[in-house]
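Quick notes on the structure that follows.
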Amino acid sequence: MAALPMDLALTVLMGGFLLAVLFFVLRVEDWRSYTPAGGGLGQVEERRVEYAEKPSGILRWLTTVDHKDIGMLYGLYGLIAFIWGGLGVLLMRIELLAPDIDLMQAGFYNALLTTHGLTMLLLFGTPMIAAFANYFIPLLIGADDMAFPRINAIAFWLLPPAAILVWIGFPLAAMGTGIQAPQTSWTMYTPLSAEQPSPATDLMILGLHLSGISATMGAINFIATIFTERDIGWPELDLFSWTMLTQSGLILFAFPLLGSAFIMLLLDRNFGTTFFAVDGGGGPLLWQHLFWFFGHPEVYILVLPPMGLVSLILPRFSGRKLFGYKFVVYSTLAIGVLSFGVWAHHMFATGIDPRIRVSFMAVSMAIAIPSAVKVFNWITTMWNGNLRMTAPMLFCVGFVQNFIIGGVTGVFLASIPVDLVLHDTYYVVGHFHFIVMGAIAVALFAGVYYWFPIYTGKMYQTRLAHWHFWLTMIGSNVTFFAMIFLGYGGMPRRYVTYLPQFTTWHQVATLGAVILAIGQLIFIWNIVQSWLEGPVVEDGDPWNLKADGMESPEWTWFEKKRETALADGGETANSELEGESESDGERESTEDDN
């Protein structure tokens with residue numbers, strides 16, 4: 001009973017925080033200006049986005065509403081979350097090196113497993129995609145900024161407290177408070193998540209709810225920006241913007257439902273409701289339906305923008321336009337529609353009506369078709385092309401390879417008889433990680449390297465980038481294939497120990513994880529060192545895209561920015577680039593880079 005007042009106090013505290021945020025949001029009148037509230041909606045149309053009084057230094061980053069600055073903040077945040085999640089899983093893999101290693105207690109292992117999954121999906125994947133989208137979508141569509149710059153800033157600043165709430169169980173446990181870190185697994189299945197007494201679980205759920213609010217606000221902004229701010233027609237819209245538009249639509253339908261499920265779970269935990277309790281008229285299956293109605297579209301929320309990145313970058317280094325542009329667009333929209341009809345394939349083993357299972361199996365297999373269309377278009381684009389194996393191109397090719405493996409292994413899980421055998425085994429872990437780390441993260445690396453000259457004005461070390469690629473590909477394939485073989489052998493997932501016959505493949509998986517980790521250390525070193533000391537880009541077309549007629553709007557903007565900076569002796573002009581989304585904050589970053 002002593003924990004109940006603590007739970008109530010924490011819940012009331014977070015509720016008050018959310019109400020304060022809501023009050024602040026509602027009182028802001030002029031969403032599109034940088035100046036403080038008071039301008040009124042009537043003045044929005046008379047004034048374009050300007051940043052004439054934008055401060056410098058740390059205050060700039062705390063108050064900015066410039067889409068490029070916010071994109072950089074999202075990127076830094078995503079990198080921190082990536083490091084946290086990566087260190088957690090590396091500890092877990094070391095624990096699994098042998099069945100009798102006691103590096104950590106089972107509870108701590110379960111807590112790492114819980115936060116690793118949530119961190120990589122909601123605190124790394126979605127924000128890192130938002131980093132690219134915030135920075136480049138206005139440049140790609142010719143907009144001054146995002147449609148609602150203030151909402152854009154608020155959406156980001158909800159994420160740091162979200163991460164603190166998700167991770168806070170670990171420092172609370174280390175301080176000897178008696179509070180344990182959440183141990184629900186990332187799926188938070190009831191009744192475990194409803195009955196686990198730790199207040200840190202409530203804080204984690206509130207943090208996840210904040211991250212969902214952030215994603216929803218961002219999705220509204222992207223939709224409004226692409227529909228109302230672009231100066232190009234739909235046939236000229238790039239594939240990355242198409243996939244972000246589709247992803248934002250998925251978020252609008254999926255995340256509010258997840259938020260409703262979180263609220264019901266918090267009510268069950270703290271106020272005695274019975275949404276997920278059988279004895280009160282609810283049931284654990286309700287949580288599974290609500291969670292997976294979000295959970296499987298979430299896979300496509302994460303994978304569609306990387307598909308767009310590959311569709312944008314791969315043709316640039318193939319020397320030809322993307323084959324079948326319209327088919328790629330239509331397949332993107334088809335994935336968006338079909339993704340809401342496959343959630344129950346996660347529940348084939350729960351005893352639902354066989355006729356319902358068959359319908360979900362059919363849709364789960366059908367959704368592989370638009371994904372395959374994209375793969376064939378990427379391969380055909382490269383066929384007989386003038387391939388240049390730069391780091392961005394290598395990561396695009398790596399994405400295609402790992403996506404094929406992840407997709408094919410997923411088709412097997414869509415089959416009811418096969419799924420009943422492989423359900424909750426390491427096969428599922430291997431399949432899922434081929435998509436999340438092997439494909440999504442690899443495509444994000446391609447985006448980082450491709451646009452590195454734009455947001456730093458410098459070039460990375462090519463040799464280190466190639467080392468990063470090969471270590472990432474070798475490490476991911478060794479790790480995740482070992483997991484698939486463990487699943488074939490019947491090894492269940494989410495166990496801190498195992499039978500001796502699984503030792504060899506666990507050791508192989510741990511070896512692959514170490515190789516993968518070394519590759520990411522090289523990546524972080526390369527990015528940081530090149531940002532600080534890398535060679536300054538001497539050309540507005542560092543990838544020589546003009547030679548093949550493959551230049552895109554963001555590189556045109558970059559070239560104009562460089563030319564203006566050179567004409568002013570290293571300082572960007574005050575007025576000439578305002579129409580090109582140039583702000584005082586951007587001018588300061590240009591001065592620093594030069």
Donor-acceptor pair, [X] side chain versus [Y] backbone, under 3.5 Å?
| X | Y | answer |
| --- | --- | --- |
| His423 | Asp419 | no |
| Arg230 | Ile226 | yes |
| Ser415 | Phe412 | no |
| Thr456 | Lys458 | yes |
| Thr409 | Gly406 | yes |
| Thr126 | Leu121 | yes |
| Thr225 | Met146 | no |
| His116 | Gly85 | yes |
| Thr114 | Ser185 | yes |

Closest approach of [X] and [Y], non-hydrogen atoms and distance?
| X | Y | result |
| --- | --- | --- |
| Ala81 | Leu123 | CB-O, 3.2 Å |
| Leu471 | Ile515 | O-CG2, 3.6 Å |
| Val537 | Pro453 | CG2-CB, 3.7 Å |
| Val328 | Lys374 | O-NZ, 3.2 Å |
| Tyr455 | Gly447 | OH-O, 4.2 Å |
| Ala131 | Gly71 | CB-O, 3.4 Å |

Should [X] and [Y] count as side-chain neighbours, where that means a heavy-atom distance under 4.5 Å?
| X | Y | result |
| --- | --- | --- |
| Phe317 | Asn386 | no |
| Ile129 | Met244 | yes |
| Ser211 | Leu159 | yes |
| Asn134 | Phe222 | yes |
| Phe395 | Val400 | no |
| Trp292 | Val342 | no |
| His506 | Leu486 | yes |

Would the [X] and [Y] ring centres measure less than 6.0 Å apart?
| X | Y | answer |
| --- | --- | --- |
| Tyr135 | Trp451 | no |
| Phe434 | Phe481 | yes |
| Trp343 | Phe360 | yes |
| Tyr449 | Trp543 | no |

Over 12 non-hydrogen atoms of neighbours within 6.0 angstrom of [atom1] in [X]:
| X | atom1 | value |
| --- | --- | --- |
| Trp383 | CH2 | no |
| Trp467 | CH2 | no |
| Phe327 | CZ | no |

Check Asn377, Leu309, Thr381, Leu239 against Leu314 for a side-chain contact (heavy atoms from CB on, under 4.5 Å) and give me the one that passes.
->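 Between Leu314 and the candidates, side-chain contact (heavy atoms from CB on, under 4.5 Å) is satisfied uniquely by Thr381.
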
With sequence neighbours excluded, tell me which residues meet ring-ring contact (aromatic ring centres under 6.0 Å, His included) with Tyr300.
->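 Here the qualifying residues are His296.
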
Who are the salt bridge (Lys or Arg N to Asp or Glu O under 4.0 Å) partners of [X], not counting sequence neighbours?
| X | result |
| --- | --- |
| Asp539 | none |
| Glu559 | Lys546 |
| Arg493 | Asp424 |

Which class fits the ring pair Tyr450 and Trp555: parallel under 30°, tilted 30 to 60°, perpendicular over 60°?
->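 Tyr450 and Trp555: perpendicular rings.
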
Measure up the Trp378 and Phe399 rings against each other and bin them: parallel (under 30°), tilted (30 to 60°), perpendicular (over 60°).
->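 Ring orientation, 0 to 90° scale: perpendicular.
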
With sequence neighbours excluded, residues passing side chain to side chain donor-acceptor pair (under 3.5 Å) with Arg463 |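 If we apply the side chain to side chain donor-acceptor pair (under 3.5 Å) test to Arg463, skipping adjacent residues, there are no hits.
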
Those residues that, when tested against Thr472, pass side chain to side chain donor-acceptor pair (under 3.5 Å) (two or more places apart) |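 His468, Gln520.
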
Does a side chain donor of either Thr119 or Trp186 reach within less than 3.5 Å of an acceptor in the other side chain?
->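 Not at all, the side chains of Thr119 and Trp186 share no donor-acceptor pair under 3.5 Å.
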
Enter the distance from Ser318:OG to Met393:CE here, rounded to the nearest 0.5 Å.
->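 Going from OG on Ser318 over to CE on Met393, the span is 3.5 Å.
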
Determine, step by step, whether Thr187 and Arg494 satisfy the side chain to side chain contact (heavy atoms under 4.5 Å, CB included) criterion, reporting the C-alpha distance in whole Å, the side-chain angles of both residues, the deciding distance to 0.1 Å, and the verdict.
-> CA-CA 12 Å; Thr187 56; Arg494 300 174 183 161; 3.7 Å; yes

Show your reasoning for whether ring pair (Phe, Tyr, Trp, His ring centres under 6.0 Å) applies to Tyr460 and Trp525.
-> CA-CA 10 Å; Tyr460 57 84; Trp525 167 261; over 10 Å; no

Worked verdict on Phe136 versus Phe240 for ring pair (Phe, Tyr, Trp, His ring centres under 6.0 Å) | CA-CA 9 Å; Phe136 291 105; Phe240 181 56; 8.0 Å; no

Evaluate side chain to side chain donor-acceptor pair (under 3.5 Å) for Trp242 paired with Tyr325, printing each intermediate quantity in order.
-> CA-CA 11 Å; Trp242 271 113; Tyr325 168 87; 2.9 Å; yes

